[in-house]
Amino acid sequence: MEFSIKTGNVEKQHHDCVIAGVYESQQLSASAKKLDKLSDGYISRVLAHGDLDGKPETFLLLHQVPGVASDRVLLVGLGKEDTFDDKQYSKAVRTSVKALAKSNAANTLTYLTDLPVKARDTRWKTARLIELAIDASYQFDAVKRKKEAKETQDAKKGIQALAVFVREPDEQQANAGLADGKALGLGVSLTKDLGNLPPNVCTPTYLALQAKALADTYGFKVEVLEREDMAKLGMGSFLGVAQGSEQPPKLIVLQHLKGKKTQKPVVLVGKGITFDTGGISLKPGAEMDEMKYDMCGAATVLGTFKTLAEMDLPLNVVGIIPACENMPDGRATRPGDVLTSMSGLTIEVLNTDAEGRLILCDALTYAERFEPGAVVDIATLTGACVIALGHHATGLFSNNDGLAKELQQAGETALDRAWHMPLWDEYQPLLDSNFADIANIGGRAAGSITAACFLSRFAKKYDWAHLDIAGTAWKSGKEKGGTGRPVPLLTEFLAARAR
Ligand code: BES
Ligand code: MN
Ligand code: ZN
């Protein structure tokens, strides 16, 4: 999809479609009023038939409206006018793009950016519109047969070029928003793609190649540590998980160093389990295919790096991705095995399915060498987090309340929300082990918290936050697929630090 900003008397120009909003109780937005006037009240008369009440997620597509130069007018329900906020705005944008997905409205102009949205400026509205348009038109057919035929067929449908209307004084803001939205859309799409790829394609080696390709394109630093390198570093915990797999493990290290030399880097650590069978503590069969998404933390780091590079943010950011498979095998780690982590702490593996924390702990220790200003890990860590928060909020844990607030606020701004969970000392004894320094599970109660407690033992030397994205990184059921979350949250977090 191509995007452009338009100002001035655009009503006179021809488009395949123009999009305008209608509030609840059929109150026309300013631009819908303009179109109504041009059509001599035709739009009002059509609305009087009662087919569009203006509730959220509704729309009405009109053809050949008299007096309007464009072929179609898409009226989109906005909901209540007096409360009209960022969430209603996002819904309207998404609805408008989906409504035209199967149409021939290749050249479309949208007036939705002209709507007043509570506490949001034109830059935000434009960025969000572009991000949502990319998100709503995302398709994944990398592993479908007859790819080319399908592509040429589908390529003709839906919006191809989207012009975004803003008032003249807002043009500069809109252009900045357009760049933001595109950069974010690209990062989110990459994260979705990597998550959606099958686990026989998206292996640790594949992730390493993707990281190298990204670094090549944008000119940042990348380094891939192999099994022997990690053995030398003493990463016994990570390698303990990897030893049951035929796929060689990789530790991928990315460095976007565009800040002042004195600026301490933000380190992003992403869980990269390219398939989680549970290991010897094998998972049940139902929906096990979804464990290909267990590398969404890694995909989030790569997607965020893409966005970061596109935006050319003047920051120092390091990405660390421990990537391997969790497989049952003759050589696999057993329940009861004791592993020695890079930090020196010994870990009793009571359940081989609690593997995410075992690879992350060594990556967190590795992060120390960058003398980080903050470390944020991103992981599809626990089913318990899905039970606690469902699919709306990412679980947020931190050893620093200021950092937690920063991340939470970024999530609010980006509409990619996280909820601050407790990390109290009272939970720590649940990880006591009779045999090693620490156990890798803490029992059924507070599963997402004890997992975070485990990680906190390895993150004592810096400000650290943990994002449990088990409920937010992908959708199950009919719309099964990666969501690209929390790339928007992390991008906003970094952009705010750069400002
Ligand atoms: N990758 C899973 C977490 C997960 C489960 C994410 C379901 C999304 C949906 C993780 O490695 C895992 O298996 N965690 C166990 C921990 C338990 C053994 C303490 C879990 O959540 O059941
Ligand atoms: Mn697991
Ligand atoms: Zn896992």
Side-chain angles (χ1 to χ4, degrees), residues 195 199 202 204 207 237-238 240-242 244-245 247 249 269-300 321-329 332-337 339 347-361 363 377-395 397 421 427 430-433 438-455 466-477 480-483 485-486:
C202 187
L207 285 178
S237 187
F238 179 15
V241 175
S245 168
Q247 294 292 336
V269 180
K271 172 177 173 182
I273 295 288
T274 60
F275 196 74
D276 182 11
T277 65
I280 298 300
S281 313
L282 196 64
K283 285 183 181 295
E287 280 148 34
M288 205 207 269
D289 65 290
E290 294 193 356
M291 283 302 125
K292 72 175 183 177
Y293 289 113
D294 215 16
M295 36 54 71
C296 279
T300 295
I321 298 171
C324 70
E325 282 184 328
N326 186 22
M327 299 290 273
D329 181 78
T333 291
R334 294 155 286 257
D337 281 3
L339 304 174
I347 303 163
E348 186 185 13
V349 179
L350 289 173
N351 189 320
T352 64
D353 197 12
E355 85 298 338
R357 59 199 82 180
L358 295 175
I359 69 169
L360 288 168
C361 68
D377 78 69
I378 309 104
T380 48
L381 203 64
T382 65
C385 190
V386 190
I387 302 301
L389 297 173
H391 302 285
H392 296 293
T394 290
F397 304 80
M421 302 276 283
Y427 292 102
L430 292 170
L431 294 170
D432 287 350
S433 159
I438 183 175
N440 82 325
I441 56 168
R444 270 170 55 80
S448 68
I449 301 175
T450 51
C453 284
F454 180 94
L455 296 178
H466 156 60
L467 298 174
D468 193 331
I469 58 169
T472 50
W474 80 91
K475 287 184 177 155
S476 308
K480 191 189 284 190
T483 61
R485 291 181 67 183

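FYI, the numbering just counts along the sequence from 1. We count ligands from 1, going down the list as the structure has it; atoms in each ligand are counted the same way.
Considering both main-chain and side-chain atoms, Thr382 never comes within under 3.5 Å of ligand 1 through any nitrogen or oxygen pair. Where the criterion is an N or O separation shorter than 3.5 Å, residue side chain and backbone included, Gly383 meets it with respect to ligand 1. At a 3.5 angstrom cut-off on N or O pairs, Asn351 does not count as close to ligand 1.
With ligand atoms numbered from 1 in the order given, ligand 1 contributes 19 (C) to contacts under 4.0 Å with heavy atoms of Ile441. In the vicinity of Trp474, heavy-atom distances shorter than 4.0 Å reach the ligand 1 atoms 8 (C), 9 (C). Of all atoms in ligand 1, listed by their number and element, those nearer than 4.0 Å to a heavy atom of Lys271 are 1 (N), 10 (C), 11 (O).
Angle subtended at the Mn ion (ligand 2) by Asp276 OD2 and Asp353 O: 170°, rounded to 10 degrees.
The protein heavy-atom contact nearest to atom 15 (C) of ligand 1 is Asp353 O, 4.0 Å. Protein heavy atom at the shortest distance from atom 10 (C) of ligand 1 is Leu381 O, 3.3 Å. Remark: minimum distance from atom 16 (C) of ligand 1 to any protein heavy atom is reached at Arg357 NH2, 3.9 Å. Nearest protein heavy-atom neighbour of atom 9 (C) of ligand 1: Met291 CE, 3.6 Å. What sits closest to atom 2 (C) of ligand 1 on the protein, heavy atoms only, is Asp276 OD2, 3.6 Å.
The N, O or S atom of Glu355 lying closest to the Mn ion (ligand 2) is OE1.
Residue contacts with ligand 1 for Lys283 involve side-chain atoms from C-beta outward but no N, CA, C or O (heavy atoms, distance under 4.0 Å).
In summary, no N, O or S atom of Asp353 is located under 2.8 Å from the Zn ion (ligand 3). In summary, no N, O or S atom of Ile273 is located under 2.8 Å from the Zn ion (ligand 3).
At least one donor-acceptor pair closer than 3.5 Å links the side chain of Asn440 to the backbone N or O of Asn351.
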